[in-house]
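Values in this document were obtained by computation on a predicted structure and should not be read as measured data. Residue numbers start from 1 in every chain, and the chains themselves are labelled A, B, ... in the order their sequence lines are given, proteins ahead of strands.
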2 protein chains.
Amino acid sequence: MLSRGYTHVPEECGAISEILSRIGDKWTVLVVSMLGNGPMRFNELRREIGGVSQRMLTLTLRGLERDGLVTRTVYPTVPPRVDYELTELGKTLLEPIVGVAAWARANRAKIAAARVVYDKAANREAKPGVVARTPAA
Amino acid sequence: MLSRGYTHVPEECGAISEILSRIGDKWTVLVVSMLGNGPMRFNELRREIGGVSQRMLTLTLRGLERDGLVTRTVYPTVPPRVDYELTELGKTLLEPIVGVAAWARANRAKIAAARVVYDKAANREAKPGVVARTPAA
DNA sequence: CAGGATCCAGTGTGATACTG
DNA sequence: CAGTATCACACTGGATCCTG
């Protein structure tokens, strides 16, 4: 496990961080996951994901296209039809991504519990008798 | 995989998305990775990571602590000494995280190349003869 | 249907200065 | 050493309106 001899290369950190924040944005993982089931149209994705604005879905897809993770296929029909599909590179991303997603799903309860504990402790030590942090909500 | 019968549960998406953006922020993955090598002190982390502001490192560590992923141990000496260490839960996160990090490291060249191609194409069709997008940088 | 353009609010991030 | 406090700012993301 990372043995002990893990060599930290600062230069790589920048690059990796950048990619990480790409896939760490609000919709990328969701979109890639959905596309893992096969090609989808724009509004199809929009419906399935739910809660994503038109703008953000467009931006997310553009970004993924730019990074060579999805292809965008336009059928010049009327009304227009656009299919999005994972590239081979995109499909390889699927595996690590579902790994993280699985972890998140498996551990979100523990995390939620940890937060409750932490917040409670924070409130106690904050200033006993005074307002404290959580504003009632 | 994801077989075809992947069931999309919108409720889970919210929760997963939230966790994803937690670990998808700018420093979390880096910090967890470093801590994977064993406990570290505040400024030790700061130095090793490089480029992280004091504020952001503090915020990141607080967040991880709140989520039960790292422990914070204060030694009441002078000068003060604080050790950060992964919890058991934190260590389980290490595996999926290095999976993604490995993917990022392995494919950043392809991504960079894809961007060049995409941007070049975008520039050509943008307005032939005019400035175009990349602002010189 | 797909998505471009605009405007606006929230917040994530950083620089700096100060403290126990 | 290990923070906290404050400010300033860019960027993310959403709502809305418009077009081919």
Side-chain angles (χ1 to χ4, degrees), chain A residues 13-14 17-18 20-31 34-35 39-66 70-85 122 125-127 133 135 137, chain B residues 13-14 17-31 34-35 39-67 70-85 122 125-127 133 135 137:
Chain A
C13 280
S17 266
E18 192 198 334
L20 252 11
S21 47
R22 272 289 292 110
I23 76 170
D25 72 6
K26 198 167 182 184
W27 303 108
T28 295
V29 170
L30 251 14
V31 169
M34 298 306 308
L35 254 25
M40 289 180 110
R41 303 180 52 172
F42 187 85
N43 277 343
E44 196 179 355
L45 270 169
R46 191 150 146 62
R47 271 194 312 274
E48 292 288 323
I49 292 179
V52 61
S53 67
Q54 197 177 43
R55 169 187 151 86
M56 285 319 297
L57 183 53
T58 301
L59 287 181
T60 302
L61 288 168
R62 285 293 178 281
L64 289 171
E65 190 193 358
R66 184 167 107 102
V70 312
T71 57
R72 179 169 176 274
T73 311
V74 182
Y75 299 92
T77 61
V78 41
R81 171 202 175 114
V82 180
D83 272 22
Y84 292 92
E85 184 174 12
E125 91 193 47
K127 282 247 170 165
R133 299 176 54 207
Chain B
C13 278
S17 265
E18 192 198 335
I19 296 183
L20 250 12
S21 50
R22 272 287 295 110
I23 76 169
D25 71 7
K26 199 168 181 182
W27 304 108
T28 294
V29 170
L30 251 15
V31 168
M34 298 305 309
L35 254 25
M40 288 179 110
R41 303 179 53 173
F42 187 85
N43 277 344
E44 196 179 354
L45 271 169
R46 191 149 146 62
R47 271 193 312 274
E48 292 287 322
I49 292 179
V52 61
S53 68
Q54 198 176 41
R55 170 187 150 85
M56 285 318 297
L57 183 53
T58 301
L59 287 181
T60 302
L61 288 167
R62 286 291 180 283
L64 289 172
E65 190 193 358
R66 184 166 107 102
D67 289 349
V70 312
T71 57
R72 178 170 176 275
T73 312
V74 182
Y75 299 91
T77 62
V78 41
R81 170 202 177 116
V82 180
D83 273 20
Y84 291 93
E85 185 173 9
E125 90 193 48
K127 283 249 167 157
R133 298 178 53 206

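Summarising the geometry, the separation between CG on B/Leu59 and P on D/dA5 is reported as 11 Å, rounded to the nearest angstrom. Rounded to an integer number of Å, the gap from CG of B/Leu61 to P of C/dG12 is 17 Å. Spacing between atom CE of A/Met56 and atom P of D/dG14 amounts to 6 Å, rounded to whole angstrom units. Atom pair A/Arg46:CZ and C/dG3:P shows a separation of 12 Å (rounding to whole Å applied). When rounded to the nearest whole Å, the span between CG of A/Asp25 and P of C/dT13 equals 13 Å. Put simply, CZ on B/Phe42 is 18 Å from P on C/dT19, counting in whole angstrom units. Taking atom NZ of B/Lys26 as the reference point, atom P of D/dC9 lies 18 Å away to the nearest angstrom. Taking atom CG on B/Leu57 and atom P on C/dA15, their separation rounds to 14 Å, with Å as the unit.
Between B/Arg72 and B/Leu61 the shortest side-chain heavy-atom distance does not fall below 4.5 Å. Taking the side chain as every heavy atom from C-beta outward, A/Glu85 and A/Thr73 never approach each other to under 4.5 Å. Side-chain contact between A/Trp27 and A/Leu57 is absent, with no heavy atoms from C-beta onward closer than 4.5 Å. Within the 4.5 Å cutoff, the side chain of B/Val70 has no heavy atoms near those of the B/Val31 side chain.
Nearest-nucleotide assignment on DNA chain C puts the 5′-proximal partner with A/Pro80, out of A/Arg62 and A/Pro80.
Candidate nucleotides D/dC1, D/dG14, D/dT4 were compared by shortest atom distance to the side chain of B/Gln54, and D/dT4 ranks first. Comparing C/dG14, C/dG4, D/dC1 by their nearest atom to the side chain of A/Thr58 picks out C/dG4. Checked against D/dG13, C/dA2, D/dA2, the side chain of B/Val82 finds its nearest nucleotide in D/dA2. Nearest nucleotide to the side chain of A/Arg72, out of D/dG14, C/dA2, D/dA2: C/dA2. When distances are taken from the side chain of B/Ser53 to each of D/dG3, D/dG14, C/dA15, the shortest belongs to C/dA15.
In terms of phosphate contacts, A/Tyr84 brings no side-chain nitrogen or oxygen within less than 4.0 Å of OP1 or OP2 of C/dC1. The side chain of A/Arg55 contributes no N or O atom lying less than 4.0 Å from OP1 or OP2 of C/dG4. Remark: B/Arg81 is not in phosphate contact with D/dA2, judged by side-chain N or O atoms under 4.0 Å from OP1 or OP2.
Between B/Leu64 and B/Arg22 the shortest heavy-atom distance is N-NH2, 3.3 Å. When all heavy atoms of A/Lys26 and B/Ser17 are compared, the pair lying nearest together is O-OG, 3.8 Å.
Of the residues A/Leu35, A/Val52, A/Thr60, A/Leu30, the one that meets the side chain to side chain contact (heavy atoms under 4.5 Å, CB included) test with A/Leu45 is A/Leu35.
Inter-axis angle, ends of the helix from C/dC1-D/dG20 to C/dG20-D/dC1, five pairs per end, rounded to 10 degrees: 50°.
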